[in-house]
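Heads up: the structure comes next, in structure tokens.
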Number of protein chains: 2
Amino acid sequence: MKNKIKKAHCAVDYAFQRIGGKYKGRILWILRDGFLRYGELKRAVVGITPKMLTQTLKELEADELIFRKVYLEVPPKVEYSLTDTGKELIPFISLMRTWGEKQMSSD
Amino acid sequence: MKNKIKKAHCAVDYAFQRIGGKYKGRILWILRDGFLRYGELKRAVVGITPKMLTQTLKELEADELIFRKVYLEVPPKVEYSLTDTGKELIPFISLMRTWGEKQMSSD
DNA sequence: CTGGATCCTGAACGATACTG
DNA sequence: CAGTATCGTTCAGGATCCAG
């Protein structure tokens with residue numbers, strides 16, 4: 001682990017700290033099948049500010065959930081994708097979505 | 001839904017708001033098989049203060065993820081358990097745990 | 001025993017402008 | 001295009017004491 005996990009009392013606690021936060025779940029889900037550039041992510045994650053996007057991407061990268069590939073071109077190009085560890089989370093985020101959709105429709 | 005969900009951009013977002021927070025995952029997991037009293041929960045969720053325990057339990061109850069049963073006795077007795085909706089989350093929290101344990105051991 | 005009431009701090013998040 | 005920098009705000013969470 002690269003990020004500072006404050007103090008996990010158990011595995012559930014630990015996991016939530018790594019994918020908690022306002023945007024991490026959404027970003028991981030958006031990246032589930034493919035490579036996206038910074039600008040594409042910015043459009044996909046509606047409402048996020050550049051600061052939060054950068055910050056969140058850095059944390060996810062430090063946690064080794066996403067991979068950041070820089071192309072040395074002009075204009076600059078950077079692509080983000082899931083690491084294997086990140087991909088392991090997709091089934092579970094998928095479960096979350098299913099549950100969330102069901103709940104939302106029953107309000 | 002009874003609780004105030006600020007604004008969910010998608011189902012993932014929505015789900016995270018409902019089981020996010022510092023203790024919700026742990027509490028749901030602890031309640032996975034059985035009824036626990038307030039004091040038992042307080043001991044089980046190491047480090048939680050009475051205020052946070054009460055607050056979290058109220059949110060979970062308002063979200064209909066847990067059920068609160070009051071026994072009219074002296075001294076007071078209150079038992080908490082999962083609702084059906086709450087139980088639906090257990091498989092997924094279980095996935096989280098598995099993933100979290102694997103990650104923790106590979107640091 | 002099961003909480004409620006208060007006060008407070010820090011971290012997360014947001015708005016806006018700027019840069020290589 | 002892909003970010004930084006700076007400043008401001010909000011709110012979850014914590015400490016402590018009190019109550020039915």
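Note on naming: letters A, B, ... go to the chains in the order of the sequence lines (proteins, then strands), and numbering restarts at 1 for each one.
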Under a 4.0 Å heavy-atom criterion, the protein footprint on nucleotides 13-20 of chain D, written with B, S and -, is BBB----B
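Within the structure, salt bridge (Lys or Arg N to Asp or Glu O under 4.0 Å) pairs that include any residue of residues 71-92 of chain B comprise A:Lys102-B:Glu88 (at least two apart or interchain).
Base engagement by A:Thr54 is indicated by at least one non-hydrogen atom pair under 4.0 Å involving a base atom. Within the 4.0 angstrom heavy-atom criterion, no nucleotide atom of any strand lies near A:Tyr71.
Protein atom CG of A:Leu36 is 15 Å distant from nucleotide atom P of D:dC1, rounded to whole Å. Look at NZ on B:Lys58: it is 7 Å from C1' on C:dG4, rounded to the nearest Å. Summarising the geometry, the separation between CD on B:Glu79 and P on C:dT2 is reported as 10 Å, rounded to the nearest angstrom. Rounded to whole Å, atom C1' of C:dA12 lies 17 Å from atom CD1 of A:Ile19. As rounded to whole Å, 21 Å separates atom P of C:dG20 from atom CD of A:Glu73. Taking atom CZ on B:Phe16 and atom C1' on D:dA12, their separation rounds to 17 Å, with Å as the unit. Protein atom CG of B:Leu57 is 8 Å distant from nucleotide atom P of C:dG3, rounded to whole Å. D:dG3 atom C1' lies 17 Å from atom NZ of A:Lys77, rounded to whole Å.
In this structure, B:Arg37 has no salt bridge (charged side-chain N to carboxylate O under 4.0 Å, His left out) partners at least two apart in sequence or on a different chain. Annotation: side-chain contact (heavy atoms from CB on, under 4.5 Å) contacts of A:Val46 (sequence neighbours excluded): A:Arg26, B:His9. Partners of B:Glu101 by salt bridge (charged side-chain N to carboxylate O under 4.0 Å, His left out), not counting sequence neighbours, listed by chain and number: B:Arg97. The ring pair (Phe, Tyr, Trp, His ring centres under 6.0 Å) search around A:Tyr38 returns none, not counting sequence neighbours. Applying the side-chain contact (heavy atoms from CB on, under 4.5 Å) rule to B:Arg32 yields the partners B:Trp29, B:Ile90; only residues at least two apart in sequence or on another chain are considered. By the side-chain contact (heavy atoms from CB on, under 4.5 Å) test, A:Thr83 pairs with A:Phe67, A:Thr85, sequence neighbours left out.
An OP1 or OP2 oxygen of C:dG3 is reached within less than 4.0 angstrom by a side-chain nitrogen or oxygen of B:Arg68. At D:dG3, one or more side-chain N or O atoms of A:Tyr80 fall inside 4.0 Å of OP1 or OP2 (strictly under the cut-off). An OP1 or OP2 oxygen of D:dA2 is reached within less than 4.0 angstrom by a side-chain nitrogen or oxygen of A:Arg37.
In this structure, the side chain of B:Arg68 does not engage the main chain of B:Glu61 through any donor-acceptor pair within 3.5 Å.
Classification of the A:Phe92-B:Phe16 ring pair by plane angle, with boundaries at 30° and 60°, yields perpendicular.
End-to-end axis angle of the helix from C:dC1-D:dG20 to C:dG20-D:dC1, from C1' rotation axes over five pairs per end: 60° (rounded to 10 degrees).
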